[in-house]
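The chain is numbered in sequence order, starting from 1. Heavy-atom basis, side chains included; hydrogens, waters and symmetry copies ignored.
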Amino acid sequence: MHIATPLIPKNSTLFHFPLPITKTVPSIPFSINRTGSISMSTSSKMEGSGITEEIRESTESGGNVKKKIFVAGATGNTGKRIVEQLLAEGFAVKAGVRDLEKAKTSLSKENPSLEIVKADVTEGSAKLAEVIGNDSEAVVCATGFRPGWDLFAPWKVDNFGTVNLVDACSKVGVNRFILISSILVNGAAMGQILNPAYIFLNVFGLTLIAKLQAEQYIRKSGINYTIIRPGGLRNDPPTGNVAMEPEDTLYEGTISRDQVAEVAVESLVHPESSYKVVEIVSRVDAPKHSYKDLFGSIEQR
């Protein structure tokens with residue numbers, strides 16, 4: 001699974017305990033506008049401030065330059081889905097991978113809008129800044145450590161690696177950062193310290209604590225962030241609609257990686273996602289919402 005834990009076989013779940021989800025978002029009609037010409041506005045705006053940054057693109061004559069998104073962890077089970085959906089939505093993608101040979105077989109190298117580059121988040125911010133470059137408009141972090149006997153692996157990847165990416169963004173002037181994290185990262189403060197999922201995920205080198213500290217670094221950095229905390233990740237297609245909650249709310253539930261990728265891509269489109277931490281699971285009985293309203297229902301903290 002992403003959320004920096006062992007990979008989950010198809011049609012299986014990492015954790016799903018029979019505990020009630022706390023609440024649902026009121027039903028809102030689904031309406032996302034999509035046109036033939038890509039027009040996107042990504043705003044980095046703090047409530048009560050005058051800071052606004054817009055990224056706009058048009059495929060009209062004379063305006064055919066695509067905005068490039070750097071994806072770290074692009075060959076992972078969630079990362080490759082993010083790459084695919086970004087390309088499908090008309091973005092140019094710079095896919096950061098550790099293994100170029102693996103990338104050639106798992107990513108669509110035939111797509112002219114895709115650039116594959118070698119990038120290891122553990123090697124420091126200077127090298128990352130070089131590969132992110134000044135042609136990237138945003139960075140999506142979908143990395144995750146590989147389970148093994150190295151108990152420091154979660155810290156190298158999910159903590160120091162994420163910090164390196166944020167610092168690299170600062171070096172090249174990128175001011176938009178999307179992080180795929182996990183529910184229960186703040187489980188101790190939620191009173192979930194005995195939750196089997198919280199215990200299991202922290203067996204691998206205190207993974208959730210490493211992620212939480214990385215989140216805190218992002219929030220203090222000043223970068224325009226969206227932190228996405230999914231439930232247990234499934235490799236199978238979606239079976240329900242996305243339910244989105246504020247931080248430190250959900251402590252059980254699962255979601256398809258396809259939906260996690262969709263939320264990540266939509267967060268780049270909707271300024272309502274700026275400076276927010278959102279938790280997501282899928283529910284068969286959840287009404288379908290527009291992402292504009294889903295993100296808008298979450299307050300900034």
Side-chain angles (χ1 to χ4, degrees), residues 1-8 14-15 69-86 91 93 95-98 119 121 128 138-147 153-154 156-166 169 176-186 197 201 204 207-219 223-235 238 242-245 247 250 253-270 273-282 291 294-295 298:
M1 62 174 270
H2 189 119
I3 59 177
T5 56
L7 296 179
I8 304 174
L14 175 65
F15 54 89
I69 310 300
F70 180 89
V71 180
T75 55
N77 283 336
T78 301
K80 65 183 179 183
R81 287 169 167 82
I82 293 173
V83 170
E84 291 167 357
Q85 292 196 31
L86 282 169
F91 291 92
V93 177
V97 304
R98 288 185 295 183
V121 297
L128 286 171
V139 168
V140 179
C141 178
T143 57
F145 82 99
R146 295 176 180 176
K156 293 175 182 176
V157 177
D158 294 318
N159 186 281
F160 303 135
T162 302
V163 168
N164 287 337
L165 278 171
V166 174
C169 287
R176 190 71 175 100
F177 194 90
I178 312 299
L179 174 69
I180 308 300
S181 184
S182 170
I183 63 170
L184 282 173
V185 291
N186 204 21
L201 293 174
F204 298 95
T207 302
L208 294 179
I209 296 173
K211 282 181 170 294
L212 179 62
Q213 291 193 11
E215 287 188 11
Q216 292 169 345
Y217 187 85
I218 293 169
R219 298 172 78 162
I223 199 168
N224 178 3
Y225 65 85
T226 303
I227 296 172
I228 300 167
R229 297 177 176 175
L233 294 170
R234 305 191 310 266
N235 290 329
V242 172
M244 185 177 292
E245 301 288 351
E247 62 184 293
L250 301 178
T254 65
I255 188 168
S256 168
R257 293 180 189 272
D258 294 325
Q259 290 171 306
V260 177
E262 183 176 80
V263 173
V265 173
E266 292 291 338
S267 69
L268 292 167
V269 177
H270 298 288
S273 69
S274 292
Y275 299 99
K276 291 182 179 180
V277 179
V278 300
E279 298 187 342
I280 55 172
V281 294
S282 62
Y291 279 103
L294 278 174
F295 286 121
I298 308 298

- Query: So, T207 side chain and L201 main chain: donor-acceptor pair closer than 3.5 Å or not?
  - Reply: yes
- Rounded distance (nearest 0.5 Å) linking atom CD of Q216 with atom CD1 of I227: 9.5 Å
- Would you say the side chains of Y225 and E215 form a donor-acceptor pair under 3.5 Å? no
- Going by heavy atoms in the side chains, are P238 and E262 under 4.5 Å from each other? no
- Item | For A210 against P154, the heavy-atom pair lying closest together | CB-O, 4.0 Å
- So, the side chain of S282 versus the backbone of T254: is there a donor-acceptor pair under 3.5 Å, distance only? yes
- Note on the structure: CD (Q259) and CD (Q85) are apart, to the nearest 0.5 Å, by 9.5 Å
- Over 60° means perpendicular and under 30° means parallel, so classify the ring planes of F295 and H270, tilted if in between. tilted
- Item | Short side-chain to backbone donor-acceptor contact, E279 and L250, under 3.5 Å | yes
- Task: Find out whether N159 and Y217 are in side-chain contact, i.e. whether some heavy atom of one side chain is under 4.5 Å from a heavy atom of the other.
- Result: no
- Do I298 and M244 touch side chain to side chain, with heavy atoms closer than 4.5 Å? yes
- Nearest-0.5 Å distance that lies between atom CZ in R219 and atom CZ in F177: 14.0 Å
- Report yes if the side chains of L233 and I255 come closer than 4.5 Å at any heavy-atom pair, otherwise no. yes
- Note on the structure: Taking every heavy atom of I183 against every heavy atom of L208, the minimum-distance pair comes out as O-CD2, 4.1 Å
- Message: By the definition side-chain contact (heavy atoms from CB on, under 4.5 Å), identify the one residue from T162, V121, D158 that meets it with C141.
- Response: T162
- Query: Are any non-hydrogen side-chain atoms of E266 and L294 less than 4.5 angstrom apart?
  - Reply: no
- Query: Roughly how far, to the nearest 0.5 Å, is the CD1 atom of I178 from the CD1 atom of I228?
  - Reply: 6.0 Å
- Task: Using the side chain to side chain contact (heavy atoms under 4.5 Å, CB included) rule, take E247 and N186 through it: C-alpha gap first, then chi angles, then the decisive distance, then the call.
- Result: CA-CA 9 Å; E247 62 184 293; N186 204 21; 6.0 Å; no
- Of the non-hydrogen atoms in A119 and L128, which two are nearest, and what is the gap between them? CB-CD2, 4.2 Å
- Is the closest side-chain heavy-atom distance between R176 and N224 below 4.5 Å? yes
- Message: Are the side chains of I180 and K211 in contact, using a 4.5 Å heavy-atom criterion?
- Response: no
- Message: Between S273 and T226 (side chain of the first, backbone of the second, donor and acceptor by atom type, cut-off under 3.5 Å), is there such a pair?
- Response: no
- Query: Mind checking whether L86 and V71 have side chains closer than 4.5 Å, heavy atoms only?
  - Reply: yes
